[in-house]
Q: 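Starting off with a structure, shown below.
Start at 1 with the first residue, then count along the sequence.
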Amino acid sequence: MKKRVEEFVKTAVGKVAADRGLAESDLPEIAVTLPREKSFGDFSTNIAMQLAGRWKDNPRAIGQAIKSELEQQAELAEVTIAGPGFINMTLQLSLWHQRLREIHTTGAEFASLDYGAGKRVLVEFVSANPTGPLHIGHGRGAVVGDVLARLLRRTGFAVDREYYVNDAGNQMLVLGRSLRWRYLEILEKRQGEIPDGYYQGKYLCDLARDLIAEQGRELVDPEISEDDDFGLELFTEFASTSILKGIRDDLDLFGVGFEHWTSEKKFFVSGQVDTALADLKTKGVIYEDEGAFWFASSRFGDEKDRVVVRANGVKTYFASDIAYHREKFTRGYDLLVDIWGADHHGYVPRLTAAIEALGGKPESFAAILVQLVSLSRGGDPVAMSTRAGEFVTLEEVVREVGRDAARYFFLTRRSDSHLEFDLELAKSKNNENPVYYAQYAHARICSIMRKIADEGLFAGNVDSFNGDSLTSSEELDLIKKLDSLPGLLESAARTLEPHRVTYFLDDLAAQLHSYYNRNRVISEDGQVSGDRLLLFVTIQQVLKICLTLLGVSAPEKM
């Protein structure tokens, strides 16, 4: 409906401009918004104030001229001027009833947009090191990335999802040494505390037992020094392969999939890291200082230059990230979206600088930072010790509270805000639980429709009703809420904020439950009953669209 009103305003402004001898090309972009207060009407625009400076005229005078043109539009019931020149517009009721029928007829395709115009987007997320199981922090990044990909597809983008496997570098050698230690410990051939700097988690003990069962008990000399690399490749490969399989299984349990899994190691083996650095050298943005090679990222807005090759000849992680993002663009993507933990905030300007130095546009790259998650049970914190390798895995959370609750809860806050995940609340079956509240709204409507069918309470087909009896403020607010979904999805796609879908669902569910508690859906008045059923069935359709976008089920019974 907003776009229709924008056209009304655009036409009116064009006529006023023509009367003043001005070309339409001189007009600013027309913005139509919801008024600050419901009493002001359905939509508002500040176009008169935008034009005041250009036309050197009083904004209220301009507003009055535009108002006069808008009043010729039969679909507008009222047009008023407020404050310094805000133009407020109220639509005819019939237009809202028509919109309800349009939404109902469109069905599951409602709010499928062409905003993205087929532009190709690569969303890279999770990308946890294959050095341990996924924890709840990874879970939050996983659902943000997955729902963002769904949202972008819904709004017309061509989207791929990618997991970048960080399987190169010192961390993998540490992983191999950590598994070798646990292997010898379980065979009772090594005693004492596992060295500092090794991975501490008990999951390595399970891996060691699996390795013993698969390959035997004499893979390495028990007297071997920790500095010795003998057999390290075997332990590293077994650990990383096993952990990566576990990660894939956990993500599958969580309902998250990827079109691409890309190995960091391949960028070193294939020489792509060397090629990317050579490209930057040719462009004159890599220089040598005290034996190390530096990328001049400060020339592109970063706070300082960054090392890409250390003095000992070892390439940094940043060097492989440059090669990785260079390769991403060669695949023809228009936009790269990376989802990282909040501790990577300092990485954003340096990678943006590298993309610009390689010839890309800064706006073709976006990083979404995901804040930490704290776990609680009934309000009491769940203690975790990173040093001791003790953490709650994503698998444990999903199996305890269920996939639907886990996914929904991770999106109850903006990704850059801290999130407290209460396990008991996520499992509860009451209105305090947001996912239960949203799903129950859908199930409640399904229950009404079953009752009607089973008891023959209403023989009419909702498709034959037009909604004309829906005139209360509650009913109109529900129709307006449904109508706002396309604009919300477009805005969420533009800002890369998938949590907006959850917020919309919370509001719609609350409005539905409130209306249901105050009004009888089925009454002796057949017209009213049919119109209310039309409204409810349409709400059910929109609830399912949004729940599906979140990767959450839309149950018919609860």
Q: Passes side-chain contact (heavy atoms from CB on, under 4.5 Å), F157 versus L151? Steps please.
A: CA-CA 9 Å; F157 293 87; L151 169 66; over 6 Å; no
Q: So do E75 and R4 actually touch side chain to side chain, heavy atoms under 4.5 Å?
A: yes
Q: Relative to the ring of W261, is the ring of F258 parallel (under 30°), tilted (30 to 60°) or perpendicular (over 60°)?
A: perpendicular
Q: Please report the shortest heavy-atom distance between P84 and M49, naming the atom on each side.
A: CG-SD, 3.5 Å
Q: Keeping H260 on the side-chain end and T262 on the backbone end, is there a donor-acceptor pair under 3.5 Å?
A: no
Q: OH of Y516: more than 12 outside heavy atoms within 6.0 angstrom?
A: no
Q: Can you run down the salt bridge (Lys or Arg N to Asp or Glu O under 4.0 Å) pairs that involve residues 372-381, sequence neighbours left out, and say none if there aren't any?
A: R377-E400, R377-E424
Q: Quick one, F8 with M89, criterion side-chain contact (heavy atoms from CB on, under 4.5 Å). Give me CA distance, side-chain angles, the key distance, then yes/no.
A: CA-CA 10 Å; F8 293 164; M89 295 157 283; 5.7 Å; no
Q: Can any side-chain N or O of D334 pair as donor or acceptor with the backbone N or O of K119 at less than 3.5 Å?
A: no
Q: Going by the salt bridge (Lys or Arg N to Asp or Glu O under 4.0 Å) test, which pairs reach into residues 490-506, not counting sequence neighbours?
A: K3-E490, R414-E497, E497-R500
Q: Test your reading of the model: is there a side-chain donor-acceptor pair from S514 to the backbone of A510, 3.5 Å cut-off?
A: no
Q: Using the six-membered ring wherever Trp is involved, compare the ring planes of F365 and W340 and label them parallel, tilted or perpendicular (cut-offs 30° and 60°).
A: tilted
Q: Above 12 or not: heavy atoms from other molecules or residues under 6.0 Å from CD of E363?
A: yes
Q: Taking the side chain as every heavy atom from C-beta outward, state whether L508 and F504 have any atom pair closer than 4.5 Å.
A: yes
Q: Taking 4.0 angstrom as the limit, do E475 and R532 come out as a salt bridge?
A: yes
Q: Passes side-chain contact (heavy atoms from CB on, under 4.5 Å), L470 versus L476? Steps please.
A: CA-CA 7 Å; L470 302 174; L476 290 174; 5.7 Å; no
Q: Counting only heavy atoms not in N430, do more than 12 fall under 6.0 Å of its CG?
A: yes
Q: Considering all heavy atoms of both residues, which atom of P498 and which atom of V144 are nearest to each other, and what is their separation?
A: CG-O, 3.8 Å
Q: To the nearest 0.5 Å, tell me how far L425 CG sits from K427 NZ.
A: 11.0 Å
Q: With a 4.5 Å cut-off on side-chain heavy atoms, are F110 and P486 touching?
A: yes
Q: In Å, rounded to the nearest 0.5 Å, how long is the span from CD of Q439 to OG of S553?
A: 4.5 Å
Q: For the pair N519 (side chain) and Y515 (backbone), establish whether a donor and an acceptor sit closer than 3.5 Å, ignoring hydrogens and angles.
A: yes
Q: Carefully, step by step, assess D338 and H344 under the rule side-chain hydrogen bond (donor to acceptor under 3.5 Å, both in side chains).
A: CA-CA 11 Å; D338 288 5; H344 284 67; over 6 Å; no
Q: How would you list all residue pairs meeting ring pair (Phe, Tyr, Trp, His ring centres under 6.0 Å) that involve residues 406-430, not counting sequence neighbours?
A: F409-F421, F410-F421
Q: Would you check if the side chain of Q72 reaches a backbone N or O of S68 as a donor-acceptor pair within less than 3.5 Å?
A: yes
Q: Before accepting this row, confirm whether a basic side-chain N of the pair R99/E102 lies closer than 4.0 Å to the acidic partner's carboxylate O.
A: yes
Q: Could you grab the distance from atom CZ of R520 to atom OG of S529, nearest 0.5 Å is fine?
A: 8.0 Å
Q: Going by side chain to side chain contact (heavy atoms under 4.5 Å, CB included), R154 matches just one of V159, L113, L489. Which one?
A: L489
Q: Which pair of heavy atoms, one from V165 and one from P130, lies closest together, and at what distance?
A: CG1-CG, 4.0 Å
Q: Identify, with sequence neighbours excluded, every residue that meets side-chain contact (heavy atoms from CB on, under 4.5 Å) alongside Q511.
A: D477, L478, K481
Q: When rounded to the nearest 0.5 angstrom, what is the spacing between CD in E6 and OG1 in T11?
A: 11.5 Å
Q: Please determine, by modelled atom types, if Y333 and E162 share a side-chain donor-acceptor pair under 3.5 angstrom.
A: no
Q: Is E124 salt-bridged to K328, cutoff N-O under 4.0 Å?
A: yes
Q: Taking C-beta and beyond as the side chain, do R248 and Y163 meet within less than 4.5 Å on heavy atoms?
A: no
Q: To check you understand the geometry: which heavy-atom pair defines the closest contact between V435 and A405, and what is its length?
A: CG1-CA, 3.8 Å
Q: Does any non-hydrogen side-chain atom of F43 lie less than 4.5 Å from one of L91?
A: yes
Q: Could you walk me through whether L122 and H325 pass the side-chain contact (heavy atoms from CB on, under 4.5 Å) check?
A: CA-CA 11 Å; L122 181 65; H325 286 77; over 6 Å; no
Q: Is the shortest side-chain heavy-atom distance between L488 and L485 below 4.5 Å?
A: yes
Q: Quick check against the 3.5 Å criterion: does R150 have a side-chain atom that pairs as donor or acceptor with the backbone of L550?
A: no
Q: Determine yes or no for a side-chain-to-main-chain donor-acceptor pair under 3.5 angstrom, with H97 supplying the side chain and G467 the backbone.
A: yes
Q: Rounded to the nearest 0.5 Å, what separates atom CD1 in I30 from atom OG1 in T45?
A: 6.5 Å
Q: Taking CD in E524 as the centre, count heavy atoms belonging to other residues, nucleotides or ligands within less than 6.0 Å. Is the count above 12?
A: no
Q: State whether E395 and R399 are salt-bridged, where the test is any N-O pair (Lys NZ or Arg NE/NH1/NH2 against Asp/Glu carboxylate O) under 4.0 Å.
A: yes
Q: For atom CZ of R36, decide whether the heavy atoms of other residues, nucleotides or ligands shown that lie under 6.0 angstrom number more than 12.
A: no
Q: Taking all non-hydrogen atoms of both residues into account, name the closest pair between F40 and N88 and its distance.
A: O-CB, 3.0 Å
Q: Please collect all ring pair (Phe, Tyr, Trp, His ring centres under 6.0 Å) contacts where either partner lies in residues 472-501, sequence neighbours excluded, each pair once.
A: H499-Y503
Q: Which residue is it: V143, T502, D404? I am looking for the one with a side chain to side chain contact (heavy atoms under 4.5 Å, CB included) to V552.
A: D404
Q: With heavy-atom distances below 4.5 Å as the criterion, would you say the side chains of I81 and I87 are in contact?
A: yes
Q: Between S376 and E420, which heavy-atom pair has the shortest distance, and what is it?
A: OG-OE2, 2.9 Å
Q: Within the structure provided, determine whether R444 and H513 are in side-chain contact (heavy-atom separation under 4.5 Å).
A: yes
Q: Compute both the distance and the angle, then confirm whether R161 meets the cation-pi test with F125: under 6.0 Å from the six-membered ring centre, within 45 degrees of the axis.
A: no
Q: Which value, rounded to the nearest 0.5 Å, describes the distance between N46 atom CG and L51 atom CG?
A: 9.5 Å
Q: Given 3.5 Å as the limit, does a donor-acceptor pair link the side chain of N433 with the main chain of A426, or not?
A: yes
Q: Quick test of your reading: applying salt bridge (Lys or Arg N to Asp or Glu O under 4.0 Å), list the pairs with at least one residue in residues 541-558, sequence neighbours left out, ordered by first then second residue.
A: none
Q: Determine, for D160 against R331, whether the closest basic-nitrogen to carboxylate-oxygen distance falls under 4.0 angstrom.
A: no
